[in-house]
Amino acid sequence: MAYTGFLSALRSGRKLHISRGRCRSTVASTKRREEKEQQLEGCTLVEAVPVELISQTHKDAIAPENQIHIDFDNTQEAYKSKGNMELLRSLLVFKLCAVDVLVEKNKELMELSKRLLGQRMFERLMKMTFYGQFVAGEDHNSIKPLIEKNRAFGVGAVLDYSVEEDLTQEEAEKKEMDSCVSEAEKESPDADHREKKYKAHRQFGDRRGGVISARTYFYADEAKCDNQMETFINCIKASGGASADGFSAIKMTALGRPQFLLQFSEVLVKWRRFFNFLAALQGKSEMMVLEQKLELDQLKLGVGSKDDIENWFNGEKLGLSGTIDLLDWNSLINDTTKISNLLMVPNLEEIKTKLCYALDNGVRLMVDAEQTYFQPAISRLTLEMQRKFNREKPVIFNTYQCYLKEAYDNVTVDVELSRREGWYFGAKLVRGAYMYQERARAKEIGYEDPINPDYEATNRMYHKCLEYVLEEIEHSRTANVMVATHNEDTVKFTLEKMNKMGLSPTENKVYFGQLLGMCDQISFPLGQAGFPVYKYVPYGPVNEVIPYLSRRAQENRGFMKGSQRERSLLWKELTRRVLCGQIFYKPVY
């Protein structure tokens, strides 16, 4: 299976040892205090205050005269990397994206244009408009000039090979059902006891429905997964060749049968739910997730005597203080299922060598988030990679979708695990790409809506998760976060917190990310001020990235209708250049 092939290429099976070098403690990590005091002799243990109160005072805050303030209205700085023709193209594309009928029929119009103009002229037209705006080039060689130009103006790249299948809805539904339903389930559908959320449903088999800002892969066979794995590896190698500090994006559903992700996610969720059930029996359900500690002498698991239960935990060197928390509980399933062994597959030394070469050359991996019925498994597999490769620096970044009600709990649990085990936490924070689909699926099938109630609640969740990670960076300097957003207010919020906490952009702990062709007025001023900022850089042949371009048109329709700001800034800069006699302006770098 390509999951195991890809992951085995990232793992060597080496045992992990908990670092004793980290002296910070929080409410979430007060377990076994006596043991920790012995281990951390000479270090001061600091109790964390609730998240709403953090960052009120910061002794390391940057002095006012040294604080960095970004002027996002300075069009001369924002667009100095763009020639006038590029600005005009942006204005044209954004204007077209605001026309409903053009967006709604964009695929049909592109097909018609192809038939009328022919393939060659169609490709030229696309490169002058939508393709040129949102896609860097056809292959890893043709994208290098754009990457080098952006780098000269302080903006890096997250490479993303954006080729997708152009399937009909019926084809997508058939592929999804074939790949998510086992033969046993097909033969005896009524005998299945799996939860509805973690089963495939034909009416939601086309996972592209309601999704405009994320690629979707459908399983065909293992050979295709292996080909897609090779594509990701080539993308990683291209990132290493294009810049010294690049990122590459990967998507787990491209690497194997989604049935595995569904079933593994269900196991993980049920295991955590069992912990919550036991915590409720001990009257601890109202506590914060990492404050819940099960008293071992009160456990009644129905699987053996009290001595058996104690031996079970003591055998894993857990519960020595008479309690276990969620992280201890999760480690039990890790040992019980031997997950590290499941990820080991022989005869893949060549792939392992390729990946290790790419990682050794400074390429970092961002694992994209996906639907909630896949995500627990995706996060767990990503966590296994982080435990292996984030020992000396953050190489693997997990993605947290902040429109989820459980986003903050997920972030805090993973940060605490990184503290205990002594590896570097790496996160990309996004608002989320699957909201409409997730809501519709939950309502139709009959389970709790996993999405926050409204946009403002999602904003609060995003800022809450971001502030928690920034606080971790302030205390330990071992966490890293990518603030992936087009929201200018969130960027300003981040800059304000960084100034208060004394976090310098040159430390390369806080990154910013936007899509190529969008929000240049945010990306380039940040980059020129010294902040590490990256564009998600899609590439691929014109015909094969049409599904991606179709989504960009739809996304920009809502984006441009909701705000005229980017268009007004583009007009402002063009007007300034004309008045200053810069009609033939070309960027110098």
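Small disclaimer: the values here were computed from a predicted structure and weren't measured. Values reported hereafter were calculated over all heavy atoms of this structure, with side chains retained and with hydrogens, waters and symmetry mates removed.
- At distances below 3.5 Å, at least one donor-acceptor pair connects side-chain atoms of Trp271 with backbone N or O atoms of Trp329.
- Contact of the Phe264 side chain with the Leu381 side chain is registered, since non-hydrogen atoms from C-beta on lie closer than 4.5 Å.
- Note on Asp221 versus Arg257: no salt bridge recorded, every NZ/NE/NH1/NH2 to OD/OE distance being 4.0 Å or above.
- Not one N or O on the side chain of Gln514 forms a donor-acceptor pair closer than 3.5 Å with the backbone of Ala484.
- Atom-to-atom distance recorded for Lys492:NZ and Thr494:OG1 is 12.0 Å, nearest 0.5 angstrom.
- In this structure, Leu261 and Thr253 have side chains that are in contact, with non-hydrogen atoms separated by less than 4.5 Å.
- Interatomic distance, CG of Asn276 versus CG of Leu326, reported as 7.0 Å (0.5 Å rounding).
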In sequence, state the C-alpha distance, the side-chain angles, and the governing distance for Tyr511 and Arg364, and then conclude on side chain to side chain donor-acceptor pair (under 3.5 Å).
CA-CA 13 Å; Tyr511 314 96; Arg364 293 157 290 182; 3.1 Å; yes
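- Atoms OG1 and CG, from Thr323 and Asp328 in turn, are 7.5 Å apart once rounded to the nearest 0.5 Å.
- No option in Arg439, Arg441, Lys405 other than Arg439 meets the side chain to side chain donor-acceptor pair (under 3.5 Å) test with Asp449.
- Considering every non-hydrogen atom in both Asn390 and Trp423, the closest pair reads O-CB, 3.3 Å.
- Under a 3.5 Å cut-off, the side chain of Ser476 and the backbone N or O of Ile473 do not form any donor-acceptor pair.
- Nearest heavy-atom pair across Tyr161 and Cys235 is N-SG, 4.1 Å.
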What's the verdict on ring pair (Phe, Tyr, Trp, His ring centres under 6.0 Å) for Phe247 and Tyr534, showing C-alpha distance, side-chain angles and the deciding distance?
CA-CA 9 Å; Phe247 285 93; Tyr534 293 82; 4.9 Å; yes
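- Judged by distance alone, the side chain of Ser179 and the main-chain N or O of Tyr219 form no donor-acceptor pair under 3.5 Å.
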Audit row: Lys174, Glu170, salt bridge (Lys or Arg N to Asp or Glu O under 4.0 Å) steps and yes/no
CA-CA 6 Å; Lys174 184 179 186 305; Glu170 292 75 17; over 6 Å; no
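- In this structure, the side chain of Arg273 does not engage the main chain of Phe277 through any donor-acceptor pair within 3.5 Å.
- Rounding to the nearest 0.5 angstrom, the gap separating the CZ atom in Phe274 from the NZ atom in Lys270 is 12.5 Å.
- What you find for Met461 and Ala407 is that their closest heavy atoms are CG-CB, 3.9 Å.
- Separating the CD atom in Gln401 from the CE atom in Met435 is a distance of 11.5 Å, to the nearest 0.5 Å.
- In this structure, a donor-acceptor pair under 3.5 Å is present between the side chains of Thr490 and Arg431.
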Run Tyr400 and Asp414 through side chain to side chain contact (heavy atoms under 4.5 Å, CB included) and show every step you take.
CA-CA 11 Å; Tyr400 298 87; Asp414 290 352; 2.7 Å; yes
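- At a cut-off of 3.5 Å, with distance as the only test, no side-chain donor of Asn480 or Tyr424 sits close to an acceptor on the other residue.
- Looking at heavy atoms from C-beta onward, Leu327 lies in side-chain contact with Glu416 at the 4.5 angstrom threshold.
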Apply side chain to side chain contact (heavy atoms under 4.5 Å, CB included) to the pair Glu438 and Tyr403, showing each step before the final yes or no.
CA-CA 11 Å; Glu438 293 274 14; Tyr403 66 10; 4.2 Å; yes
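- Contacts of Lys509 classified as side chain to side chain donor-acceptor pair (under 3.5 Å), with partners at least two apart in sequence or in another chain: none.
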Steps toward side chain to side chain contact (heavy atoms under 4.5 Å, CB included) verdict (Val269, Arg272)
CA-CA 5 Å; Val269 168; Arg272 181 163 176 172; 5.9 Å; no
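- Annotation: side chain to side chain donor-acceptor pair (under 3.5 Å) contacts of Tyr536 (sequence neighbours excluded): Asp368, Lys428.
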Go through Glu467 and Tyr462 one step at a time and tell me if the side chain to side chain contact (heavy atoms under 4.5 Å, CB included) criterion holds.
CA-CA 9 Å; Glu467 189 168 11; Tyr462 193 105; over 6 Å; no
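- For Gln282 and Glu295, the side-chain atoms include no donor-acceptor pair closer than 3.5 Å.
- Side-chain contact between Leu429 and Met482: absent, with no pair of heavy atoms (C-beta onward) separated by less than 4.5 Å.
- Here the side chains of Val411 and Cys465 are in contact, with some heavy-atom distance below 4.5 Å.
- The shortest non-hydrogen separation linking Ala200 to Val181 is CB-CG2, 4.2 Å.
- Between Arg419 and Glu472 there is a salt bridge, since at least one side-chain N of the basic residue sits less than 4.0 Å from a carboxylate O of the acidic one.
- Side-chain contact of Glu173 with Gln169: a donor-acceptor pair under 3.5 Å is present, judged by distance alone.
- Salt-bridge check for Glu496 with Lys500: passed, with a basic side-chain N closer than 4.0 Å to an acidic carboxylate O.
- Put simply, the side chain of Glu370 gets close to the backbone of Met252: a donor and an acceptor are under 3.5 Å apart.
- A distance-only check finds no donor-acceptor pair linking the side chain of Asn452 to the backbone of Asp454 [under 3.5 Å].
- Here Glu176 pairs with Arg207 under the side chain to side chain donor-acceptor pair (under 3.5 Å) rule; sequence neighbours left out.
- The two residues His486 and Leu515 make their nearest non-hydrogen contact at NE2-N, 3.1 Å.
- Using a 4.5 Å heavy-atom threshold, the side chains of Gln375 and Thr399 count as separate.
- A cation-pi arrangement is present between Lys464 and Tyr408, with the terminal nitrogen or guanidinium carbon under 6.0 Å from the aromatic centre and inside a 45° cone about the axis.
- Between Lys497 and Leu470, the closest heavy-atom pair is CB-CD1, 3.7 Å.
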Check the pair Asp160 / Lys251 against salt bridge (Lys or Arg N to Asp or Glu O under 4.0 Å), numbers first and verdict last.
CA-CA 10 Å; Asp160 184 15; Lys251 213 170 184 75; over 6 Å; no
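- Counting heavy atoms from C-beta on, the side chains of Thr372 and Tyr434 never come closer than 4.5 Å.
- Residue Lys196 holds its NZ atom at 15.5 Å from OH of Tyr373, rounded to the nearest 0.5 Å.
- Between Glu444 and Tyr447, the side chains place no donor N or O within less than 3.5 Å of an acceptor N or O (distance only, hydrogens not considered).
- Using a 4.5 Å heavy-atom cutoff, the side chains of Phe275 and Gln292 are in contact.
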